[in-house]
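Got a structure here, written out as structure tokens. Questions coming.
Here, residue 1 is the first one in the sequence, and each next residue gets the next number. Atom set for the values below is all heavy atoms of this structure, side chains included, hydrogens, waters and symmetry mates excluded.
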Amino acid sequence: MILYFLRHASAGERVSNPKKDEKRALDSAGIEQCGYVGRALAALDVHVEVVISSPLKRAAQTASLVGNEMGYEGKLQFHDGLRPGATFADFRRLLGSYAKHEAIMVVGHNPNLSEFLGRSISETGCEATVELKKGAVARVEMNRNAASLMWCLTPKILRTLHAAAAESSRPKTSRK
């Protein structure tokens, strides 16, 4: 199975009321981050069978925007195993229920999403340290015995690559 871990994009400052915080939307920087991430995944020819998101608004928006950019046409799935505070056991149950799929994307929150990524790639099941920045996406290839981190991209890296590509594709002019 190929598993893409996507942390929700920028959503401004945390709100102290937990119920209101669940409804916190992406800010303009987060929407921009989703564009870079989604276009990069499309350029990398990433295809997923299912996108599973935390039910919180900022994660759902990230899943939707990135999914649209990469051409995902399926319905978003929501799972409490990706909510803030979910445990690794919750996450493992989520993976078990989607085990028949070859490629899935999970969209959630830190610190648990980084923990899930780290524990998934650790041979002993203890936590390897991989911190997902807001809007970052990591590709993990999993099999029965092991999982390997193939790459991890942040929106900052993708924005820089996009700018460099745009610059290099401009027509060259000669000045005499």
Between the main-chain N or O of Ser10 and the side-chain N or O of Gln33, is there a donor-acceptor pair closer than 3.5 Å?
yes

Can you tell me how far OG of Ser120 sits from CD of Glu141, rounded to the nearest 0.5 angstrom?
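The OG atom of Ser120 is 13.5 Å from CD of Glu141, to the nearest 0.5 Å.
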
Set of salt bridge (Lys or Arg N to Asp or Glu O under 4.0 Å) partners for Arg93, sequence neighbours left out
Asp90

To the nearest 0.5 Å, what is the distance between CG on Leu158 and CG on Leu153?
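These two atoms lie 5.0 Å from each other.
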
Regarding Lys20 and Glu22, does a basic nitrogen lie under 4.0 Å from an acidic carboxylate oxygen?
no

Which residues pass the side chain to side chain donor-acceptor pair (under 3.5 Å) test with Thr154, not counting sequence neighbours?
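So Thr154 forms no side chain to side chain donor-acceptor pair (under 3.5 Å) with any residue.
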
After noting the C-alpha distance and the side-chain angles of Glu13 and Arg24, does the key distance pass the side-chain contact (heavy atoms from CB on, under 4.5 Å) rule?
CA-CA 9 Å; Glu13 293 299 315; Arg24 184 164 39 104; over 6 Å; no

Can you tell me how far the CG atom of Leu132 sits from the OG atom of Ser114, to the nearest 0.5 Å?
4.0 Å

Salt bridge (Lys or Arg N to Asp or Glu O under 4.0 Å) with Asp80: which residues, sequence neighbours excluded?
Arg83

Across all chains, not counting sequence neighbours, the side-chain contact (heavy atoms from CB on, under 4.5 Å) partners of Ser148 are Met150

When rounded to the nearest 0.5 angstrom, what distance separates CG in Leu3 from CD1 in Ile121?
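With rounding to 0.5 Å, CG (Leu3) is 11.0 Å from CD1 (Ile121).
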
Residues two or more places apart in sequence or in another chain: which of them pass ring pair (Phe, Tyr, Trp, His ring centres under 6.0 Å) with Phe91?
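By the ring pair (Phe, Tyr, Trp, His ring centres under 6.0 Å) rule, Phe91 matches Phe5, Phe116.
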
Please list every donor-acceptor pair under 3.5 Å in which a side-chain atom of residues 94-103 meets a protein atom from a residue at least two apart or in another chain.
unit_1: Ser97; atom_1: OG; unit_2: Leu94; atom_2: O; d: 2.7
unit_1: His101; atom_1: ND1; unit_2: Glu49; atom_2: OE1; d: 3.4

Output the distance between atom CZ (Arg119) and atom CG (Asn112), rounded to the nearest 0.5 Å.
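Here the interatomic distance stands at 11.5 Å.
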
Other than Leu26, which residues form its hydrophobic cluster under the rule that side-chain heavy atoms must be closer than 4.5 Å?
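Noted: Leu26 shares its cluster with Ile31, Leu65.
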
Counterpart residues, side-chain contact (heavy atoms from CB on, under 4.5 Å), relative to Ala146 (two or more places apart)
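Here the qualifying residues are Asn143.
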
Salt bridge present between Asp27 and Lys134 (N-O < 4.0 angstrom)
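Lys134 and Asp27: not salt-bridged.
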
Distance (rounded to the nearest 0.5 Å) between Lys23 NZ and Lys57 NZ
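So the NZ of Lys23 and the NZ of Lys57 are separated by 9.5 Å.
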
Per the ring-ring contact (aromatic ring centres under 6.0 Å, His included) rule, what does the pair list look like for residues 28-75, sequence neighbours excluded?
Tyr36-His162

Going by ring pair (Phe, Tyr, Trp, His ring centres under 6.0 Å), name the residues that satisfy it together with His109, two or more places apart in sequence or in a different chain.
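Once residues adjacent in sequence are excluded, the partners of His109 under the ring pair (Phe, Tyr, Trp, His ring centres under 6.0 Å) criterion are His8.
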
In chain order, what residues pass the salt bridge (Lys or Arg N to Asp or Glu O under 4.0 Å) check against Glu32, with sequence neighbours excluded?
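Result, salt bridge (Lys or Arg N to Asp or Glu O under 4.0 Å) vs Glu32: none returned.
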
Partners of Ala43 by side-chain contact (heavy atoms from CB on, under 4.5 Å), sequence neighbours excluded?
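Result, side-chain contact (heavy atoms from CB on, under 4.5 Å) vs Ala43: none returned.
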
Give the intermediate values and the outcome of side-chain contact (heavy atoms from CB on, under 4.5 Å) for residues Ile104 and Tyr4.
CA-CA 6 Å; Ile104 65 173; Tyr4 295 92; over 6 Å; no

